[in-house]
Amino acid sequence: MPAITLPDGSVRSFDGPVTGTAIAASIGPGLAKAALAMEVDGRLADLSARIDRDARVRFITRRDPEALELIRHDCAHVLAEAVQALFPGTQVTIGPAIENGFYYDFARNEPFTPEDFPAIEAKMREIVARDSPFVREEWDREEAIRYFLERGERYKAQIIEDLPAGETISVYRQGEWLDLCRGPHMRSTGDVGTAFKLMKVAGAYWRGDHRNQMLSRIYGTAWRDGKELEAYLAMLEEAERRDHRRIGREMDLFHLQEEAVGSVFWHPKGWRLYRTVESYMRRRLDAADYAEVRTPQLVDRRLWEASGHWEKFRENMFLATVEDEAEKHRVLALKPMNCPCHVQIFNERLRSYRELPLRMAEFGSCHRYEPSGALHGIMRVRAFTQDDAHIFCTEAQIAPETARFVELLSTIYRDFGFESFRVKFSDRPARRAGTDAVWDQAEEALKEACRIAGVDYVLNPGEGAFYGPKLEFVLRDAIGRDWQCGTLQVDFVLPERLGAEYVAEDGSRRRPVMLHRAILGSFERFLGILIEQHAGRFPFWLAPVQVVVATIVDDAAPFAREAAAAMARAGLRVEADLRNEKIDRKVKDHIGARVPVLAVIGRREAEQGAVVLRRLPGREQELLPLPEAVARLAAEGTPPDLAAPKAAVAAA
RNA sequence: GCCGACAUAGCUCAGCGGUAGAGCAACUGAUUCGUAAUCAGUAGGCCCCCGGUUCAAAUCCGGGUGUCGGCACCA
């Protein structure tokens, strides 16, 4: 006599075991038609599942968030059937729903190409139109393995073999075709609908392990309806328009070339942007009591052996030698990290507890040999500059330093236009230095610090650095993509390995703890993110070209030059456009170049010593005397960390 | 690094065995114009590199390199 409690609190009793389909029907024909699946005591289940005891039941309709996941998962099954129908001999493996869609990994000698998509999609539409019910069956383990092996489905058989003993083996039929699957599924293939599209093919390792066979993966996207699909495709187009590689070229910020793979050639405008960000960061670090240092690029392997990098990180390091006979034996490495060098400065003389916490910062230029496939524009490169710092402190200072750091990082992200971030806590990786006892200590200290600093995090198991656990700060950009930038890592290992110590209050020698921390991560990566976040239309204080002074007639040129010079003297980044072109053309060009302000000067303005300011890409115009225009723009161009006190003064 | 695709003018791309093309940008000239493309002309190419097939290769084949999309890796 199961009593079913619905989300509105009402209870319905049934005489015996009852399916979701029957419950929905008992509630009303509308729901019976709309229900795709259900949630029983918080767990998603097929509508056809029988409930034989009291339970809370919620029906999932197309409008519910869970529906998308169901649609995508079912769509993956439809894809798999279509592929096996069109390409006999292809083995199926797994096909989960993912963010924005789904994929299915196939084992086939010949990889798929996008040219195969139209045929596959057509077959998928047939399967959806066929509207075959998804029918769940539970099979005996051995029988299931035999069944799949007989059909040459070695991967499926492998999956079953690796399932824990006692796990129910379920398969889902859709017409003639079936797949091993945990479920749940919607009622039938028809519920998938037609708002899906195959997106791309890619290789993917079986079980994500690079030692395994490469499978052929087909990615697709699927939505509730055509409108959602359109919106998603439009978002992808927007992402493409924002691509920092495209904008970098269009705005003449930087380029990359074969002779320096993974290193950026910064052009004047890009470097201006870089310097604006760097100057801002330097002021923020100065204000936060960091001491900036500069350490060598090329360092003898002996230091890397001592630090542990030679053992744990060598495959990522660039090595350098010289021809000179006397020096031939010496192996130098381009530094991949700054920490060992910072410890050298710490160790250079005896340190007192009074100096702690000692915050040592460096805009540290690092080189790492990254796998070729990892390179991506200026976001993933082999030569980059970290906004790196190491805080030498006592264990008791870990928590307050963490709080201080999170505070600094939040305000910096806000200044760059990012309103929120998430935090991940990464604990000990398989490949690591230091004993388990030290790791216990470090992880505990960092958790405690989060508690005290009020930082909420999600656990990211096994992803820590080789020397310590870390917090990772993840930004979300304007179109919803996540970027990991900041990091804070607790390190008990390196001070030990490199023999760092200080004299404590009682005169004894103690080991400091090192906190490795970065806010932007690397300038290259962060500037890429910044470009995409703002689609190249930077806030005024960051724009590489803030103002273009544009003339309407040649007669206005002398005053335009004067105006541009006055702006430059006020610290503005300004260019003059004196070309013999119509003003319409100049407006269009500078909108295209993402210039934030156009200062237009015609004959009238030249005569009265004024400019017309137009905020691009907007249309409003404002006529101002030159000195006022300069003052106003200069105020607007003041970086946020310098502007704040000024505003406070004005308010007082 | 692995799988796949791609590489032609500064940019975006067409050409796919028979003399290398377009649009935009650039340059020159005319025009002096009031807020999202003025007109005319000129110039611009080791068709990524190295081999091979062919009477003939940008085009077909092999090998490199790089880029792009994933995977793996990661700031």
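Quick note on labels: first sequence line is chain A, next is B, and so on, each numbered from 1. Worth knowing before you read on, the calculation uses all heavy atoms, side chains too, and leaves out hydrogens, waters and symmetry mates.
Residue-level contact check: R380(A) touches the bases, meaning some heavy atom is under 4.0 Å from a base atom. Among the protein residues, P617(A) comes within range of the nucleic acid bases, having at least one heavy atom under 4.0 Å from a base atom. G364(A) comes within contact range of no nucleotide atom at all, as no heavy-atom separation falls under 4.0 Å.
With both pairing distances under 3.5 Å, rU32(B) is matched to nothing as a Watson-Crick or G-U wobble pair. Figure legend. rG44(B) is base-paired to no nucleotide; pairs are counted as Watson-Crick or G-U wobble with both atom distances under 3.5 Å. Both distances falling under 3.5 Å, in either a Watson-Crick or a G-U wobble arrangement, occur for no nucleotide opposite rA57(B). In a base pair of the Watson-Crick type (N1 to N3 plus N6-O4 or O6-N4) or a G-U wobble (N1-O2 and O6-N3), with each distance short of 3.5 Å, rC74(B) is matched with no nucleotide. Of all nucleotides present, none satisfies the Watson-Crick or G-U wobble test against rG17(B) with each distance under 3.5 Å. Across all strands shown, rU67(B) pairs with rA5(B); the Watson-Crick or G-U wobble distances both stay below 3.5 Å. Base pairing of rA22(B) is made with rU12(B), judged by Watson-Crick or G-U wobble geometry with both donor-acceptor distances under 3.5 Å.
If you check distances only, the side chain of R249(A) never reaches the base of rC11(B) with a donor-acceptor pair under 3.5 Å. For E370(A) against rG1(B), no side-chain N or O and base N or O form a donor-acceptor pair under 3.5 Å. Taking 3.5 Å as the limit, the base of rU35(B) and the side chain of D584(A) contain no donor-acceptor pair of atoms between them. Interface remark: the Y205(A) side chain does not form any donor-acceptor pair with the rG70(B) base, using a distance-only criterion of under 3.5 Å. For R368(A) against rC74(B), no side-chain N or O and base N or O form a donor-acceptor pair under 3.5 Å.
Closest to the side chain of I552(A), out of rA75(B), rC33(B), rA37(B), is rC33(B). Among rU35(B), rG4(B), rC71(B), the nucleotide with an atom closest to any side-chain atom of R217(A) is rC71(B). Closest approach to the R245(A) side chain among rA75(B), rG1(B), rC68(B) is made by rC68(B) (side chain taken as heavy atoms from C-beta onward). Which of rC2(B), rG34(B), rU32(B) sits closest to the side chain of M214(A) comes down to rC2(B).
Q608(A) has its CD atom 17 Å from the P atom of rG34(B), to the nearest Å. Counting to the nearest Å, the P atom of rU35(B) and the CD atom of E620(A) are 15 Å from each other. Atom CZ of R211(A) and atom P of rC73(B) are 10 Å apart (whole Å). The distance from atom CD of E463(A) to atom P of rC74(B) is 7 Å, rounded to the nearest whole Å. The interatomic distance linking H210(A) (NE2) with rG70(B) (C1') rounds to 17 Å, in whole Å. Atom CG of L623(A) is separated from atom C1' of rU35(B) by 14 Å (rounded to the nearest Å). Atoms CZ (R108(A)) and P (rG4(B)) sit 12 Å apart, rounded to a whole Å. One interatomic measurement links the two molecules: CD1 of I591(A) to P of rA36(B), which rounds to 7 Å at whole-angstrom precision.
Near-neighbour residues of RNA chain B inside residues 250-282 of chain A, defined by a heavy atom below 4.0 Å, number-ordered: E258(A), V261(A).
Electrostatic pairing of R380(A) and E370(A) counts as a salt bridge here, judged by a charged N lying under 4.0 Å from a carboxylate O. In this structure, E607(A) does not pair ionically with R603(A), as no charged nitrogen and carboxylate oxygen lie closer than 4.0 Å. Using a cutoff of 4.0 Å between basic side-chain nitrogens and carboxylate oxygens, E472(A) and K470(A) are scored as salt-bridged. Taking a cutoff of 4.0 Å between a charged side-chain nitrogen and a carboxylate oxygen, R585(A) and D589(A) qualify as a salt bridge.
Residue Q257(A) places its CD atom among more than 12 non-hydrogen atoms of other residues, nucleotides or ligands, all under 6.0 Å distant.
As rounded to the nearest Å, rA57(B) and rG18(B) have P atoms that lie 11 Å from one another. Between the C1' atoms of rA58(B) and rC16(B), the separation comes to 8 Å (whole Å).
Checked against a 6.0 Å centroid threshold, the rings of F102(A) and Y104(A) do not count as neighbours.
Contact between the side-chain N/O atoms of H376(A) and the OP1/OP2 oxygens of rC74(B) is not found at any separation under 4.0 Å. Residue K200(A) places at least one side-chain N or O closer than 4.0 Å to OP1 or OP2 of rG70(B). For rG1(B), the OP1/OP2 oxygens have a side-chain nitrogen or oxygen of S372(A) closer than 4.0 Å. A close approach under 4.0 Å does not occur between any side-chain nitrogen or oxygen of R246(A) and OP1 or OP2 of rU12(B).
Judged purely by atom type and a 3.5 angstrom limit, S522(A) uses its side chain to pair as donor or acceptor with the backbone of R525(A).
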Given ring-ring contact (aromatic ring centres under 6.0 Å, His included), test F392(A) with H342(A) step by step and report yes or no.
CA-CA 10 Å; F392(A) 296 85; H342(A) 288 187; 7.8 Å; no
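L633(A) has its side chain out of reach of V574(A): every pair of non-hydrogen atoms, C-beta onward, lies at least 4.5 Å apart.
For the pairing with E292(A), the side-chain contact (heavy atoms from CB on, under 4.5 Å) check across E362(A), M360(A), R359(A), R282(A) returns one residue only, R282(A).
Projected onto RNA chain B by closest heavy-atom contact, K582(A) and S522(A) fall at different nucleotides, the more 5' of which corresponds to K582(A).
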